[in-house]
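Report on the following structure.
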Amino acid sequence: MQREFDRQYDPSRIERQWYEHWLRLNLFSCPDETDKPRYSILMPPPNVTGVLTMGHVLNNTIQDLYIRYHRKKGKVACWFPGLDHAGIATQSKVEAELYRTEGKTRWDLGREEFLRRVWQWKEQYGGIILEQLRSLGVSCDWNRTLFTMDPGASNAVREVFIRLFDAGLIYRGKRIINWSPTLQSALSDEEVLYREVEDTLYTLKYYCEGSTTDYLPIATVRPETIFGDVAVAVHPDDERYRHLVGTRVRVPLTDRYVPVIADSYVDPAFGTGCLKITPAHDPNDFEIGMRHHLPVLVSINPDGKLNEVAGRYAGMDRFEARRRIVEDLRAQELIVSEMPYKHNVGFSERSGEPIEPYYSDQWFVHMQPLAQPALEAVLQGQIRFFPEHWVKTYEHWMRNIRDWCISRQLWWGHRIPVYYAPDGRFTAARSEEEARARLELGPDVPLWQDEDSLDTWFSSWLWMLTTMGWLHDGKTEDTPVLRTYLPTDLLVTGPDIIFFWVARMIMASLYFRGVIPFRDVYFTSIIRDDKGRKMSKSLGNSPDPLQLIGKYGADAVRYTVLYLAPVGQDVRITVDPVTQDAPQMELGRNFANKLWNAARFLALKADEAQVGAERSPTLAEEELSLSDRWIRSRLHATIRLVEEHLSRYRINEYVRTLYDFFWHDYCDWYIELLKIELQRTEYTELRQRRVRFALSIFEDALGLLHPLMPFITEEIWHRLGLRDRTESLCTSLLPSYNPSWEQPTLEQQMEILKQIIEQYRMLKATAGLKPSERPVSYYRAENHALELLECHAALVAELARIDVPTPYTPSGKPAGALTAFVRDTELFLVVGEHIIDRERERLQAEYERLQRLLAQTRSRLANEQFLQRAKPEIVENERAKEAAFVEALAKVEQSLRYLTQ
RNA sequence: GCGGUCUUAGCUCAGCUGGUUAGAGCGUCACGUUGACAUCGUGAAGGCCAGUGGUUCGAGUCCACUAGACCGCACCA
């Protein structure tokens, strides 16, 4: 039976086919209820507007790794996928398109028609990213895909709003909020990014009433806000100004007089010690204004333009107005000084322009009561963070939590379920009828629903509940799915949304269901380019993952990204600015190719020996060679390590462990040894059993690798095992660990044998001999090493490409021989006398190295404290080292002496 | 201002609860196509583990400080 195996692995030929096949076999969908152990993960829902980024690749590969691993442990492993409606991002996108194609704004269309267009857009382009994720091989339960604007999720959102409203945890208030003039909407504190900006600090003259010479010097970076001034504040104890408290000063460029007030908020040591109070345009001024019962004078409109309060500057944009006002202030000599000034300015995370603090009616969630239990769940370890240090960040935020502004002046989103009556009263309600009932109004009284919608995160924070059907009809709280899969086991997300999402989910889950939403949270690395910049579309420094998958294969991309991503450390991926290629992916591609070729070799041998799908009979225990036992020991160590690393989320260690096993243990050594052993096995039947043994080791290891590289492992598993297409490595169980097969002593022996081979190779290379030459070799060894060499001389000869080494009994060394050492074993390779100089150099270096080591060891042993306090086995070890170094030194020294003779 | 992370080979990084002679991949150099693999093999070169001090019998590993890189939160005109 011959199988086709190309010399090179081509992922593009098999990946898509396998994915579709898995979907046909329905391997990823889970029942609502089960008696089996279960494991669940919530996918952080990507935006409908999103396309696959390297961040998604990293994040979803980790999730897929864990889901697949636990599925292969025999659990019902359910991964809940979904999509986020992304209010601002999506609305902006559709508005931009509308303006480009039809020259219209959303107000031209009206709310209803505009929303129809957004839905249309969503049907057409939305969710592309979910399709893209499939090319990565993710094994979600696609039947459970939820969109945050789906009716079920929307019902839950409405119900939650009403419940929190009734509980007094949601309130409406006139506040200073972060306003984006571009988006024409409020933003939460978390959506504002602060950046240092070079500005000018203007000190202005506020003339005292009735005086043309006395003034208060008042510094500001925003002279355009002076029209909103309602007072000037000084510190109550400030001797310079105390006499002025209660008098009035004139606002520059106006005829308006405002009072001088005393408030301890003012820092007398900072600046001029005088502060203008503009409650409508500064959060701190607002607080002071409230304390002193001052009016809130709005001078800048929501569109960022000054209004009639600003007199002749009305209608001007805030930045244009600043320039004009400064010119006029200069002209009228109202400026004391202008100084360059660095300070932090808040920018809209979404639209990029400076935030305008804006005084308006908004909806807030009172966070304090929700935060307390959520903080405890993490501090007490019910929820674990990986890496753990994020707990500090979480705690800091939770202890200083501020109320959450949830209203957005957007149309795309969940509309706030609040109704207003003509008399000004309002209530949250499921319908207009219910609102009437709640407000005790007759059926003919007109009601208005609030125009605003809710922050997108107000639906995301319910994700663990809504994905599992909670309140999808507005009533049913307890579903079989919730009982089965909540709390989930793992959440994988970026640390940048710890507040936006992770913290709020914990709060919502505890408040509404009384359970934690997830047990472990793994915060992924941030992917950066080779200059350390975060990858982003605007910088153009992010490769297109689909292009990489197309070029290198999904397995290779998954492999490389996880190999490069240690826990808690950012990942740097070098990207070619022209081709957008990421050459580091070769790491994964080469590994896949290595795997493929190892399988190709096994298939060749299996076909030669006419091994079919059967794996028995295999070698009996007493038939196992040193290399067989060794590779089995390595396999079981690997099984153990895989479990250890994954349970501690040391993902790159897991990757490295498998790399080492496949490449170094299995390919570099085991296959090479197997080749020789097969050559020497005369009986067909024994050869067959030997190949079966080699295959079974390889196949077990494939299972361990499958969660990371699902496509190639499935393909190889089928080819080697000639398995039926209805079987899948996705659902076949992982090999189980057998501690008695992990044999450290045996591994040590093998290690010595490997070193002996390597030393012979080194000698041969030093002599510059051709590979085809087989120089005569000898050894002088004792005990174990002697035994090893006697038993495996032929293997050593084959692998080192030398003549079969034989014991050398005379003292001294063979004529024309180079010498090398493995512990106390001496190895000789007869090469003639032509490279004495290099040999002497090498031995001299070795001599010095050993002397350094010996000195170190001796100084340790000379220390009384060390002998007394260190553990006995450490001391013993040190003594053994001393002896070994002394002996080795003597031998090297002797060799050097022979050389000079 | 508060909190956090990082600094190990030319590059990108591993190195777990302190204890064999500090590792890998890429890159470099030399050799090589022996029936799995040149997307490969063999060998070699390459490291005062950022600096200073401390704890300890013992520090790349723990602590403090310094320098540099970065992140989060807060923010006064």
Side-chain angles (χ1 to χ4, degrees), chain A residues 5 7-9 189 194 201 203 218-222 233 265-267 270-278 282 284-285 341 343-344 346 387 389-390 392-393 395-397 400 495-496 498-499 526 528 530 532 534 552 556 563-566 568-574 583-584 586-587 589-605 644-645 648 650 652-653 656 659-660 664 667-668 671-672 675 758 761-766 768-772 798 800-801 849-850 852-853 856-857 860 863-871 873-875 877-878 880-881 884-885:
Chain A
F5 256 101
R7 283 164 65 91
Q8 286 180 2
Y9 173 58
D189 294 337
Y194 288 87
L201 184 67
T203 304
I218 293 178
T220 180
V221 288
R222 301 198 59 196
Y265 171 81
V266 181
D267 179 356
F270 189 88
T272 62
C274 303
L275 181 63
K276 73 190 198 69
I277 305 299
T278 320
D282 183 286
N284 293 312
D285 292 6
Y341 189 67
H343 68 141
N344 281 333
H389 67 81
W390 288 108
K392 283 221 166 191
T393 307
E395 183 180 0
H396 186 255
W397 191 72
N400 301 288
D496 46 335
I498 186 166
F499 309 134
I526 290 168
R528 299 175 183 281
D530 45 347
K534 200 169 165 176
Y552 297 98
Y563 183 90
L564 293 175
Q569 263 0 91
D570 291 351
V571 187
R572 277 171 194 241
I573 294 180
T574 308
Q584 274 162 305
E586 286 176 9
L587 185 64
R589 183 195 58 180
N590 294 355
F591 181 60
N593 193 57
K594 189 72 178 175
L595 213 62
W596 177 259
N597 272 289
R600 183 167 180 250
F601 170 80
L602 289 172
L604 200 80
K605 293 295 156 189
E644 278 175 24
H645 293 324
R648 296 164 66 195
R650 306 185 72 89
N652 67 328
E653 291 291 322
R656 277 160 214 264
Y659 180 93
D660 285 343
H664 293 134
C667 293
D668 285 352
I671 283 185
E672 294 308 316
K675 280 179 188 169
E758 284 166 348
R761 283 174 182 165
M762 185 272 291
L763 290 179
K764 201 177 160 189
T766 304
L769 297 179
K770 283 186 187 160
S772 52
E798 269 315 300
R801 305 260 149 201
R849 191 181 71 96
L850 284 168
R852 271 199 307 276
L853 291 170
Q856 255 177 37
T857 297
R860 241 171 261 170
N863 186 335
E864 272 306 309
Q865 297 288 330
F866 173 71
L867 300 177
Q868 278 168 25
R869 300 208 188 176
K871 279 180 245 160
E873 61 265 31
I874 300 288
V875 177
N877 203 340
E878 215 60 29
K881 269 161 65 181
F885 292 148

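In what follows, every chain begins at residue 1, and chains take the letters A, B, ... in the order their sequences are listed.
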Position toward the 5' end of RNA chain B (nearest nucleotide), A:Arg528 or A:Ala599: A:Ala599
Sugar-phosphate, base or nothing in reach of A:Arg648, heavy atoms under 4.0 Å: base
B:C11 and B:G47, which share atom name C1', separated by this distance in whole Å: 14 Å
Rounded C1' spacing from B:U56 to B:C63 in Å: 12 Å
Sugar-phosphate only, base, or nothing, as touched by A:Gln8 at under 4.0 Å among non-hydrogen atoms: base
Distance test, side-chain N/O of A:Asn877 to OP1/OP2 of B:G19, below 4.0 Å: no
Interatomic distance where OH belongs to A:Tyr552 and C1' belongs to B:U39 [whole Å]: 11 Å
Pairing partner (Watson-Crick or G-U wobble, both distances under 3.5 angstrom) of B:C16: none
Sugar-phosphate only, base, or nothing, as touched by A:Glu758 at under 4.0 Å among non-hydrogen atoms: sugar-phosphate
Presence of A:Arg589 side-chain N/O under 4.0 Å of B:U39 phosphate oxygens OP1/OP2: no
Beyond-backbone contact of A:Leu564 with A:Asn652, side-chain heavy atoms, under 4.5 angstrom: no
Interatomic distance at P, B:C13 relative to B:C73, whole Å: 24 Å
5' priority, RNA chain B, between A:Thr220 and A:Glu672 [closest heavy atom]: A:Glu672
P spacing across the pair B:A44 / B:G51, given as an integer number of angstrom: 28 Å
P gap between B:U66 and B:G4, integer Å: 15 Å
Nearest-nucleotide pick for A:Phe866, side chain only, options being B:G19, B:G32, B:C37: B:G19
Shortest side-chain distance from A:Glu653, nucleotide among B:A14, B:G35, B:C76: B:A14
Sugar-phosphate only, base, or nothing, as touched by A:Phe591 at under 4.0 Å among non-hydrogen atoms: nothing
Pairwise P distance, B:C65 and B:C6 [rounded to whole Å]: 16 Å
Protein-nucleotide distance (A:Asn344, atom CG; B:C76, atom P), rounded to Å: 9 Å
Identity of whatever pairs with B:G72 - Watson-Crick or G-U, under 3.5 angstrom: B:C2
d(CG, A:Asn652; C1', B:U12) in whole Å: 13 Å
B:A30 - base-pair partner by Watson-Crick or wobble geometry, distances under 3.5 Å: B:U42
Short side-chain N/O contact to B:G43 OP1/OP2 from A:Arg761, under 4.0 Å: yes
Touch class at under 4.0 angstrom, heavy-atom based, for A:Leu853 against every strand present: base
Pair A:Thr278, A:Lys276: side-chain N/O donor-acceptor within cut-off below 3.5 Å: yes
Ring-face cation contact, A:Tyr659 with A:Lys594, 6.0 Å cut, 45° max: no
Touch class at under 4.0 angstrom, heavy-atom based, for A:Val266 against every strand present: base
Spacing between A:Arg7 atom CZ and B:C40 atom P, to the nearest angstrom: 13 Å
Short side-chain N/O contact from A:Lys594 to OP1 or OP2 of B:G41, under 4.0 Å: yes
Given B:C73, B:G25, B:U5, the nucleotide with the shortest approach to the side chain of A:His389: B:U5
Contact under 4.0 Å: A:Arg656 side-chain N or O vs B:C13 OP1/OP2: no
Gap in Å between the two C1' atoms, one belonging to B:C71 and one to B:C26, rounded: 28 Å
Strand partner of B:U7, provided both Watson-Crick or wobble distances fall under 3.5 Å: B:A67
A:Arg801 side-chain N/O to B:G41 phosphate OP1/OP2 under 4.0 Å: no
Interatomic distance at C1', B:C16 relative to B:G53, whole Å: 27 Å
Backbone N/O of A:Asn593 and side chain of A:Gln8: donor-acceptor pair under 3.5 Å: no
Touch class at under 4.0 angstrom, heavy-atom based, for A:Lys675 against every strand present: base
Sugar-phosphate only, base, or nothing, as touched by A:Tyr9 at under 4.0 Å among non-hydrogen atoms: nothing
Touch class at under 4.0 angstrom, heavy-atom based, for A:Leu201 against every strand present: sugar-phosphate
Side chain A:Asp282, main chain A:Asp285, donor-acceptor under 3.5 Å: yes
Short side-chain N/O contact from A:Arg860 to OP1 or OP2 of B:G58, under 4.0 Å: no
Donor-acceptor pair, side chain of A:Arg600 and main chain of A:Phe5, under 3.5 angstrom: yes
side-chain N/O A:His664 vs B:G25 OP1/OP2, d < 4.0 Å: yes
Sidechain N-carboxylate O distance under 4.0 Å for A:Glu758, A:Arg761: no
Audit row: A:Lys675, A:Phe601, side chain to side chain contact (heavy atoms under 4.5 Å, CB included) steps and yes/no: CA-CA 10 Å; A:Lys675 280 179 188 169; A:Phe601 170 80; 3.5 Å; yes
Sugar-phosphate only, base, or nothing, as touched by A:Cys274 at under 4.0 Å among non-hydrogen atoms: nothing
